[in-house]
Participant: 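I have a structure I would like to understand better, so I am pasting it below and will then ask my questions one at a time.
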Amino acid sequence: MQVLTFLSSFCFSLSTAFYFHVGEQEEKCIIEDIPSDTLITGAFKIQQWDVVRQDFLESAPGLGLFVTVTTYNEEVLLSKLYGPQGTFYFTSHSPGEHIICLESNSTRLVSFGGSKLRIHLDIRVGEHDLDAAIAQAKDKVNEVSFKLEHLIEQIEQIVKEQNYQRDREENFRMTSEDTNSNVLWWAFAQTLIFISVGILQMKYLKDFFIAKKLV
């Protein structure tokens, strides 16, 4: 399993869009740092390499993508097979790093254009699909209402992310203080050991000189 590490805290951006290349049935994973009780939306699209055109085709019919989302506690939040293009959703139950693994279900019989695939991935944190909601709105009032609701969701997500980062900073500060305290006590213990060894050496030398009648 190859891991594409994108430890994204989403402090300034609620969306991460990128693409990467994979081979047939090759699994690649992304690590996302996500607050608790947060909706994650991932839109993806698979492009297939054409050896004749020496370029990626716009679509990849017959291919699919297997998406697995787990936490570091090995809790499975999502495990589902999708088509060549689609959207997956999951909600985080606890804060921390989440592992999103993607694997194509292509085979030699299906992947006739070559084993190289390009996967476009757009991960959105704490956002609903506003465009689809607006498209279903019947008048301007509903459109404004949906936009306002979307804006409120974004504000709530930013506040949630700030609280999460504040908790992480507090945990880091406590860990640093504990580490500094342990280092101080260890230095104190080393000093006592050196002093004790020095005293024992001096006593041993004194007893040695007395035994040899040198003093």
Side-chain angles (χ1 to χ4, degrees), residues 1-10 13-136 150 153-154 157 161 164:
M1 178 182 69
Q2 297 186 9
V3 178
L4 300 175
T5 307
F6 296 93
L7 293 179
S8 304
S9 61
F10 299 101
S13 175
L14 300 179
S15 176
T16 302
F18 54 92
Y19 71 84
F20 54 90
H21 296 153
V22 295
E24 289 182 289
Q25 297 181 335
E26 178 184 356
E27 184 182 58
K28 287 196 176 182
C29 297
I30 308 159
I31 300 176
E32 296 284 358
D33 202 354
I34 305 171
S36 62
D37 300 323
T38 301
L39 173 67
I40 307 299
T41 304
F44 65 87
K45 177 182 179 181
I46 303 177
Q47 288 184 292
Q48 191 176 50
W49 177 257
D50 191 334
V51 294
V52 178
R53 299 182 182 179
Q54 290 296 301
D55 194 8
F56 286 96
L57 300 176
E58 190 62 28
S59 61
L63 298 180
L65 193 67
F66 191 77
V67 181
T68 305
V69 180
T70 58
T71 65
Y72 266 94
N73 297 327
E74 297 183 353
E75 178 186 4
V76 179
L77 302 180
L78 177 65
S79 181
K80 187 176 180 180
L81 178 63
Y82 296 86
Q85 183 174 356
T87 304
F88 61 88
Y89 306 88
F90 70 92
T91 301
S92 60
H93 302 314
S94 59
E97 295 178 346
H98 291 66
I99 307 172
I100 305 173
C101 293
L102 310 173
E103 180 182 1
S104 67
N105 70 331
S106 60
T107 63
R108 287 294 178 181
L109 295 177
V110 175
S111 185
F112 55 86
S115 61
K116 188 176 182 181
L117 302 174
R118 173 182 289 176
I119 298 179
H120 296 263
L121 184 61
D122 184 7
I123 297 178
R124 297 181 180 273
V125 180
E127 293 188 7
H128 294 286
D129 192 355
L130 179 64
D131 294 337
I134 293 179
Q136 297 175 359
H150 183 69
E153 288 182 355
Q154 286 185 318
Q157 179 59 37
E161 177 61 30
Y164 174 55

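Counting begins at 1 with the first residue of the sequence. Worth knowing before you read on, the calculation uses all heavy atoms, side chains too, and leaves out hydrogens, waters and symmetry mates. Model, not experiment: these values are computed from the prediction.
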Participant: Which heavy-atom pair separates Ile46 from Ile119 by the least distance, and what is that distance?
Facilitator: CG1-CG1, 4.4 Å
Participant: Test your reading of the model: is there a side-chain donor-acceptor pair from Asn105 to the backbone of Gly64, 3.5 Å cut-off?
Facilitator: yes
Participant: Taking all non-hydrogen atoms of both residues into account, name the closest pair between Leu117 and Phe56 and its distance.
Facilitator: C-CE2, 3.9 Å
Participant: For residues Cys29 and Ile99, report the shortest heavy-atom separation together with the two atoms involved.
Facilitator: CB-CG2, 3.9 Å
Participant: CG of Leu78 to OH of Tyr89: how many Å apart, nearest 0.5 Å?
Facilitator: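 Between atom CG of Leu78 and atom OH of Tyr89 there are 12.0 Å.
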Participant: Any non-hydrogen side-chain atom of Phe88 less than 4.5 Å from a side-chain atom of Lys80?
Facilitator: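 Heavy-atom side-chain distance check fails, nothing below 4.5 Å.
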Participant: May I ask you to decide if the ring planes of Tyr19 and His21 are parallel, tilted or perpendicular, using 30° and 60° as cut-offs?
Facilitator: tilted
Participant: Is there side-chain contact between Ile100 and Leu121, with at least one heavy-atom pair below 4.5 Å?
Facilitator: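 No; the side chains remain at least 4.5 Å from each other.
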Participant: Is there a donor-acceptor pair under 3.5 Å between the side chain of Ser92 and the backbone N or O of Thr38?
Facilitator: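 Yes, because the side chain of Ser92 sits within donor-acceptor range (under 3.5 Å) of the backbone of Thr38.
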Participant: Going by heavy atoms in the side chains, are Val67 and Phe90 under 4.5 Å from each other?
Facilitator: no
Participant: When you compare the side chain of Leu65 with that of Leu63, does any pair of heavy atoms fall below 4.5 Å?
Facilitator: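 Of all side-chain heavy-atom pairs linking Leu65 with Leu63, none is under 4.5 Å.
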Participant: Kindly give the heavy-atom pair with the smallest separation between Ser79 and Thr68, and that separation in Å.
Facilitator: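 Closest approach of Ser79 to Thr68: OG-OG1, 4.1 Å.
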Participant: Please report the shortest heavy-atom distance between Ile123 and Glu32, naming the atom on each side.
Facilitator: CD1-OE2, 3.6 Å
Participant: Provide the closest heavy-atom pair for His93 versus Asp37 in the form atom of the first, atom of the second, distance.
Facilitator: O-OD1, 4.3 Å
Participant: Quick one: OG1 on Thr70 to CD on Glu97, what's the gap to the nearest 0.5 Å?
Facilitator: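 The distance works out to 11.5 Å.
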Participant: Is the ring pair Tyr82/Phe44 parallel, tilted or perpendicular, if the boundaries are 30 and 60 degrees?
Facilitator: perpendicular
Participant: Using 0.5 Å steps for rounding, measure from the CD atom of Glu103 to the CG atom of Leu81.
Facilitator: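 If I round to the nearest 0.5 Å, the distance is 10.0 Å.
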Participant: Report the C-alpha separation of Arg124 and Asp122 in whole Å, then their side-chain angles, then the decisive distance to 0.1 Å, and conclude whether the side chain to side chain contact (heavy atoms under 4.5 Å, CB included) test is met.
Facilitator: CA-CA 7 Å; Arg124 297 181 180 273; Asp122 184 7; 3.3 Å; yes
Participant: Rounded to the nearest 0.5 Å, how far does CG of Leu57 lie from CH2 of Trp49?
Facilitator: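 Interatomic distance, Trp49 CH2 to Leu57 CG, rounded to 0.5 Å: 9.5 Å.
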Participant: Count the heavy atoms of every other residue, nucleotide or ligand shown that sit under 6.0 Å from CD of Gln54, and state whether that count exceeds 12.
Facilitator: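 Yes, because the 6.0 Å sphere around CD of Gln54 holds more than 12 heavy atoms from other groups.
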Participant: Side chains of Thr71 and His98: closer than 4.5 Å at any heavy-atom pair?
Facilitator: yes
